Protein chains: 2
Amino acid sequence: MSESDEIAVILERLGRVFQNDAHVAGLKPTQWEALRYLARANKFSRNPKALTVYLGMTKGTVSQTLNALDRKNLITKKTDMIDRRNVHLELTRPGKLLLEKDPIATIRKKAESLGKTNRSALSGALKQLLGAILSEHDGRAFSVCKTCRYFRGRAAGGNPHRCALLDAPLSVEDSAQICVEAEIRN
Amino acid sequence: MSESDEIAVILERLGRVFQNDAHVAGLKPTQWEALRYLARANKFSRNPKALTVYLGMTKGTVSQTLNALDRKNLITKKTDMIDRRNVHLELTRPGKLLLEKDPIATIRKKAESLGKTNRSALSGALKQLLGAILSEHDGRAFSVCKTCRYFRGRAAGGNPHRCALLDAPLSVEDSAQICVEAEIRN
DNA sequence: TCCTATTGTTTCGACTCGATACGATTTCCC
DNA sequence: GGGAAATCGTATCGAGTCGAAACAATAGGA
């Protein structure tokens with residue numbers, strides 16, 4: 001078996017193990033990912049559309065997942081008053097609290113035990129792999145706001161950060177979060 | 001975000017992307033994994049029990065998945081005549097043919113494009129990670145028969161290979177395949 | 001022979017997921 | 001301004017996943 005084969009098989013298998021581990025606290029793996037995403041996405045990206053792109057699923061499926069989370073009172077949905085087709089998603093307090101039990105922590109701990117050299121190599125190679133796959137997948141990289149070409153840092157006068165694409169102000173918090181619109185600066 | 005966090009997030013995300021890709025030819029991701037396993041497992045390991053351990057799922061779920069594959073005529077189930085509780089699983093010809101469309105190939109190609117150095121690093125680190133996780137998971141490593149401590153290679157007289165644990169003969173093919181019982185030599 | 005462990009199957013309920021059809025808006029363009 | 005087209009989200013369907021729990025059948029030991 002070639003090295004590439006091994007990588008493919010192990011990645012597939014790791015994915016399965018993680019997914020099995022993710023049946024925690026009555027939530028399904030997908031629901032955990034949605035919760036996690038909402039915790040890390042900035043205000044422009046906390047909507048069903050962005051989540052759909054992020055997860056790479058169809059909007060119908062995402063809609064159902066969000067319904068399930070809503071029923072459990074882990075998120076709220078609010079119609080945008082300016083464009084009433086849009087929906088804003090927010091974690092509720094129980095939702096935020098639940099994230100402390102996020103099963104992804106077990107993966108992190110395992111990565112921790114890997115040793116610095118191996119860990120760096122793994123992190124680098126995985127990033128490259130994910131990038132290669134997403135680019136061919138029309139999925140965006142979903143990088144952090146601050147690194148986006150449309151990000152305008154706070155000027156000398158103490159003005160807030162701004163997004164030059166959406167022409168909107170950005171809190172310090174927002175600018176450190178994930179954004180659907182993010183385009184890597186070149 | 002620490003390197004370990006990044007690794008955890010990317011692995012989770014890669015798993016999702018792969019899983020989405022695995023909806024091919026009318027099969028679900030789990031069904032593909034079962035098929036793949038059966039193609040790579042030796043005769044002692046082509047049964048529901050071993051598959052259950054390999055996939056890390058409950059036997060009920062596995063039973064259903066196997067039923068689905070049976071309905072599609074991709075596998076056969078046959079009761080063991082010696083111990084009638086056991087079931088032998090085999091790929092049918094259509095099952096084997098279908099494996100040529102295995103969506104895991106797309107992952108392999110991506111790994112291919114990674115470059116030798118990165119690829120080796122990734123392969124090594126992933127193996128270590130999977131090992132660490134499985135060991136804590138009471139999941140076995142499922143290594144290849146030949147590397148097992150119970151493997152007895154063909155003697156000078158031209159006798160067949162043998163498994164000293166099950167006290168059974170091994171074809172050349174079997175001994176190159178995955179075995180549930182495999183225990184790494186020390 | 002009875003007791004117990006092993007191996008699989010069945011059933012249940014909640015959820016996933018793609019596909020498809022819909023329902024509101026909003027936007028574009030004549 | 002008004003109608004078509006695009007956008008964003010929801011509802012429904014069918015096959016499947018998945019854990020949990022109950023249930024069968026068989027094997028093996030006391």
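This one's a predicted model, so the numbers in the text were calculated from it and none came from an experiment. Scope of the values below: all heavy atoms of this structure, side chains included, with no hydrogens, waters or symmetry mates.
Between Glu6(A) and Lys127(B) there is a salt bridge, since at least one side-chain N of the basic residue sits less than 4.0 Å from a carboxylate O of the acidic one.
Separating the CG atom of Leu27(A) from the P atom of dG19(D) is a distance of 15 Å, rounded to the nearest angstrom. Here the P atom of nucleotide dG9(D) and the CD1 atom of Ile75(A) are 12 Å apart, to the nearest Å. We find that CG of Leu69(A) is positioned 16 Å from P of dA14(C), with the value rounded to whole Å. In this structure, Lys72(B) places its NZ atom 8 Å from C1' of dG16(D), rounding to the nearest Å. Per the geometry, CG belonging to Asp70(B) stands 11 Å off P belonging to dT10(C), to the nearest Å. Per the geometry, CD belonging to Gln64(A) stands 12 Å off C1' belonging to dG9(D), to the nearest Å. Atoms NE2 (His23(A)) and C1' (dT17(D)) sit 8 Å apart, rounded to a whole Å. To the nearest angstrom, P of dA14(C) lies 15 Å from CG of Asn67(A).
Thr30(A) comes within contact range of the sugar-phosphate backbone alone, with a heavy-atom separation under 4.0 Å but no base atom that close. Looking at heavy-atom distances under 4.0 Å, Thr58(A) makes contact with a base. As judged by a 4.0 angstrom heavy-atom cut-off over every strand, Gly60(B) is placed among the base-contacting residues.
Arg13(A) forms a cation-pi arrangement with Tyr54(B), by the criterion of a distance under 6.0 Å to the ring centre and an angle within 45° of the ring axis.
Distance from the side chain of Gln19(B) is smallest for dC17(C) among the nucleotides dA5(C), dT26(C), dC17(C). The listed nucleotides are dG8(C), dG16(D), dT16(C); the one nearest the side chain of Asn47(B) is dG8(C). The listed nucleotides are dC15(C), dA27(D), dG8(C); the one nearest the side chain of Asp83(B) is dA27(D).
Donor-acceptor pairing under 3.5 Å, judged by distance alone, is present between the side chain of Lys59(B) and the base of dG8(C). Remark: the Arg84(A) side chain and the dT25(C) base include no donor-acceptor N/O pair separated by less than 3.5 Å. The base of dG8(C) has none of its N or O atoms less than 3.5 Å from a complementary donor or acceptor on the side chain of Ser63(B).
Screening Leu122(B), Ile107(B), Leu126(B) against Ile10(A) for a side-chain contact (heavy atoms from CB on, under 4.5 Å) leaves a single residue, Leu126(B).
Each of Gly56(A) and Ile82(A) was assigned the nucleotide of DNA chain C with the nearest heavy atom; the assignment lying further toward the 5' end belongs to Gly56(A). In terms of position on DNA chain D, the residue among Arg85(B) and Arg71(B) whose nearest nucleotide sits closer to the 5' end is Arg71(B).
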